[in-house]
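Just below is one structure, and these are the notes that go with it.
Bear in mind the structure is a predicted one, so any value in this text is a computation, not a measurement.
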Amino acid sequence: EYMGRGGSLGSAALAAILLLAGLALVLRIVFTPPTPQEEAVCCRYVVNAAGLGADRVARMVGDTSFTILPRMGEYLLLHKNQGHLARHVLFPAPGRLGKGILVQPTLWGNLLLGPTARDLHDPAAAAQTPDYITDHLLAKCRELVPAFDAGQIIHSFAGARAKSDRGDWIIEESKACPRFVHAAGIDSPG
């Protein structure tokens, strides 16, 4: 069965590119039966959970109600010989950009420092060098645990969180396209 004209999504055609592990997956709701080369997927609702691409997917159905603003977070992983310095997650006082930079033991006995919070749409934050970011992260973590040895860094990594311009999570049906539900701007595991 296909979503014919007047179907449950009304007269809006949907063409969305969903990002999954860096690969593009094309999802279309069509008004004509699929050709033998196409696969039909029937559903009552479509959930936009495209992370950093959620605003782009929303615009494909005519919804311009929010923008995703990437917030970068960097981490440093210290050797297991530093793990004894924290027995539980240590939080600083929260700041303007979130919960702050944490110090936490891992399940494997390492010490994990981070994340930072840098809004990539801010030119000053986007221009920060890796050395500046590392020095800032170490200085903030030393306020919580002064004794760790920065010479024991064994790995660094980063990820971008999908912050919305609304300042909060967006979990709602699109006003532009009924039965198209946004789960967007969810920048934290909760």
Side-chain angles (χ1 to χ4, degrees), residues 16-26 47-60 66-171 182-190:
I17 298 173
L18 304 178
L19 301 176
L20 176 62
L23 302 174
L25 169 70
V26 177
V47 177
N48 173 9
L52 294 172
D55 56 346
R56 294 186 308 248
V57 172
R59 280 163 182 65
M60 291 177 185
F66 65 93
T67 300
I68 296 297
L69 306 168
R71 178 168 288 166
M72 184 64 78
E74 291 89 3
Y75 290 87
L76 297 173
L77 183 66
L78 277 62
H79 191 275
K80 289 180 182 181
N81 65 17
Q82 301 296 297
H84 70 282
L85 296 171
R87 294 173 37 124
H88 55 273
V89 180
L90 302 172
F91 287 86
R96 179 180 63 83
L97 295 177
K99 65 186 176 191
I101 298 175
L102 315 179
V103 175
Q104 53 193 315
T106 68
L107 292 174
W108 302 274
N110 302 77
L111 197 60
L112 182 64
L113 312 178
T116 59
R118 299 183 312 111
D119 288 331
L120 296 184
H121 59 277
D122 174 0
Q128 292 172 345
T129 66
D131 286 341
Y132 173 85
I133 295 163
T134 299
D135 291 345
H136 174 71
L137 198 154
L138 292 172
K140 287 296 191 183
C141 290
R142 284 204 190 285
E143 294 173 7
L144 299 171
V145 178
F148 69 81
D149 180 0
Q152 295 297 308
I153 297 170
I154 61 171
H155 191 63
S156 64
F157 52 96
R161 301 185 292 276
K163 208 59 191 161
S164 89
D165 63 349
R166 293 190 191 173
D168 202 357
W169 298 359
I170 301 166
I171 303 172
H182 299 298
I186 301 174
D187 61 335
S188 163

- prompt: Within a strict 4.5 Å, meaning less than it, do heavy atoms of the Asp149 and His79 side chains meet?
  reply: no

- prompt: Is a side-chain N or O of Arg142 found less than 3.5 angstrom from the main chain of Leu138, in a donor-acceptor match?
  reply: no

field: Polar side-chain atom of Asp165 near backbone of Thr67 as donor-acceptor pair, under 3.5 Å
entry: yes

task: State, yes or no, whether a side-chain contact exists between Ile186 and Ile171 at a heavy-atom distance under 4.5 Å.
output: yes

- prompt: Distance from Leu52 atom CG to Ile68 atom CD1, nearest 0.5 Å?
  reply: 7.5 Å

- line: Contacts of Asp122 meeting salt bridge (charged side-chain N to carboxylate O under 4.0 Å, His left out) (sequence neighbours excluded), chain-then-number -> none

query: Where do Thr134 and Leu76 land on the side chain to side chain contact (heavy atoms under 4.5 Å, CB included) test, with the steps shown first?
result: CA-CA 8 Å; Thr134 299; Leu76 297 173; 4.1 Å; yes

message: One pair to check against side chain to side chain contact (heavy atoms under 4.5 Å, CB included): Arg118 and Ile133. What are the steps and the verdict?
response: CA-CA 9 Å; Arg118 299 183 312 111; Ile133 295 163; 3.5 Å; yes

message: For Arg161, is there any backbone N or O sitting under 3.5 Å from a side-chain donor or acceptor partner on Asp187?
response: no

Euclidean distance, Asn48 CG relative to Arg59 CZ, rounded to 0.5 Å: 10.5 Å

query: About how many Å separate OG of Ser156 and CG of Leu113, when rounded to the nearest 0.5 Å?
result: 11.5 Å

message: Quick one, Asp119 and Pro70 - any side-chain contact, counting heavy atoms below 4.5 Å?
response: no

message: How close do Val57 and Ala50 get, counting heavy atoms only, and between which atoms?
response: CG2-CB, 3.8 Å

- prompt: Does the pair His136 and Ile101 meet the rule for a side chain to side chain contact (heavy atoms under 4.5 Å, CB included), with working shown?
  reply: CA-CA 10 Å; His136 174 71; Ile101 298 175; 4.0 Å; yes

query: Looking at residues at least two apart in the chain, or sitting in another chain, which of them share a side chain to side chain contact (heavy atoms under 4.5 Å, CB included) with Ala86?
result: Leu90, Val103, Pro105, Leu111

message: Minimum heavy-atom separation for Arg71 and Leu97, please, with both atom names.
response: NH1-O, 2.9 Å

- prompt: Is there a side-chain contact between Leu85 and Leu78 (heavy atoms, below 4.5 Å)?
  reply: no

query: When rounded to the nearest 0.5 angstrom, what distance separates CG in Leu77 from CD in Gln152?
result: 11.5 Å

query: Can Leu137 and Tyr75 be said to form a side chain to side chain contact (heavy atoms under 4.5 Å, CB included), step by step?
result: CA-CA 8 Å; Leu137 198 154; Tyr75 290 87; 5.7 Å; no

message: For His182 and Phe66, take the angle between the two ring planes, folded into 0 to 90°, and tell me which bin it lands in: parallel under 30, tilted 30 to 60, perpendicular over 60.
response: perpendicular

- line: Closest non-hydrogen contact found for Lys99 with Phe91 is CD-CE2, 4.1 Å

statement: Nearest heavy-atom contact between Val47 and Ala183 is CG1-CB, 4.2 Å

- line: Between Gly100 and Pro92 the two heavy atoms that sit nearest each other are CA-CG, 3.8 Å

field: Nearest-0.5 Å distance that lies between atom CG in Leu112 and atom CZ in Phe157
entry: 5.0 Å

message: Testing the basics here: between Ala160 and Met72, what is the closest heavy-atom pair and its distance to 0.1 Å?
response: N-SD, 4.1 Å

